[in-house]
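Note that these values count all heavy atoms, side chains included, but never hydrogens, waters or copies made by symmetry. One-based numbering, in listed order, for ligands and for the atoms of each. Just so we're clear, the structure is a prediction, and the values are computed from it rather than from any experiment.
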Amino acid sequence: MLDIRQIPVLSDNYVYLIREPTSGAVAVVDPAVTDEILAEADKLGWRITHILNTHHHSDHIGGNEAIKAKTGCTIVGPAHDPDRIPGMDIQVKDGDTYVFGAESAHVFFVPGHTRGHIAYWFKDSDALFCGDTMFSIGCGRLFEGTPQQMWTSLSRLRALPPATRIYCAHEYTESNVRFAVSIDPGNATLRAYEAEVKAKRARKEPTVPSTLKLERAANPFLRADDANLQAAMAMTGQDPVAVFAEIRRRKDVF
Ligand code: ZN
Ligand code: FE
């Protein structure tokens with residue numbers, strides 16, 4: 001099992017340090033920054049061997065070059081976006097398995113937020129690092145992709161085992177829940193989660209990771225084909241892509 005440490009940085013980003021105990025391999029997932037990550041690794045006595053990038057945005061690659069210069073680590077990132085990942089050594093694409101010590105990451109190409117976005121699924125640890133594709137009760141904005149692309153990407157991630165823990169890159173849950181309740185007020189799982197999220201945030205605790213089981217029941221962006229949500233939105237029987245696009249549109253102006 002991976003040892004996973006979550007480091008809150010900037011205003012609402014999560015950077016992850018993950019260690020595979022058999023080999024001692026240590027990866028930083030989406031290093032937004034440098035100093036805090038190096039300090040945390042030092043404190044743990046972990047030697048950084050890898051960076052895993054999901055996409056090119058600055059709050060995900062900001063530490064790439066300085067961490068590589070300091071540690072000599074190998075940078076792994078999307079082959080789908082070869083020119084926008086600083087210092088990338090190894091390009092991975094949809095369907096690849098990247099061997100990380102005694103574990104391996106299954107790579108999913110999940111365009112929508114950006115045109116090159118990927119996600120890393122560590123099957124043996126039930127852990128998904130999905131960057132800005134899926135958030136707890138939300139999804140990334142469509143900066144470079146279409147609703148069709150994002151719906152396809154989320155549908156593929158939705159098909160992973162329900163026990164999968166969702167290690168997304170931002171703490172956006174509280175505002176996502178406020179929006180979700182506005183369009184899906186009768187969802188009992190969502191309502192129970194709303195109370196849990198409020199209590200956790202009042203204590204300044206993270207709400208991440210969540211689980212895919214919870215997201216499948218309560219995240220509207222994974223439920224564009226759900227009859228109850230479609231009914232609540234007065235869109236019964238419509239194409240899930242059109243429903244998804246409408247959910248995204250409403251969130252953008254919420
Ligand atoms: Zn992003
Ligand atoms: Fe981001």
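Residues L214 and F129 fall into different hydrophobic clusters, defined by Ile, Leu, Val, Met, Phe, Trp and Tyr side chains chained together at heavy-atom separations under 4.5 Å.
At least one N, O or S atom of H113, from either the backbone or the side chain, sits less than 2.8 Å from the Zn ion (ligand 1). With a cut-off of 2.8 Å, the Zn ion (ligand 1) has no N, O or S atom of D59 in range. The Zn ion (ligand 1) lies at 2.8 Å or more from every N, O or S atom belonging to H117.
Heavy atoms only, all atoms of each residue included: P31 and V15 are closest at CA-CG1, 4.1 Å. Closest approach of V26 to R47, counting heavy atoms only: CB-O, 3.3 Å.
Side-chain contact between D132 and T114 is absent, with no heavy-atom pair separated by less than 4.5 Å. By the 4.5 Å heavy-atom criterion applied to side chains, N53 and M88 are not counted as neighbours.
Side-chain atoms of S23 come within 3.5 Å of backbone atoms of A25 as a donor-acceptor pair (strictly under, hydrogens ignored).
Under 4.0 Å is where a charged nitrogen must lie from a carboxylate oxygen, and between K68 and E65 no such pair does. Comment: R141 engages D252 in a salt bridge, judged by a side-chain N to carboxylate O separation of less than 4.0 angstrom.
Between D132 atom OD2 and H57 atom ND1, the angle centred on the Zn ion (ligand 1) amounts to 170° (nearest 10°).
Around the Fe ion (ligand 2), the protein atoms of type N, O or S found under 2.8 Å away are D59 OD2, H60 NE2, D132 OD2, H170 NE2, listed by chain and number.
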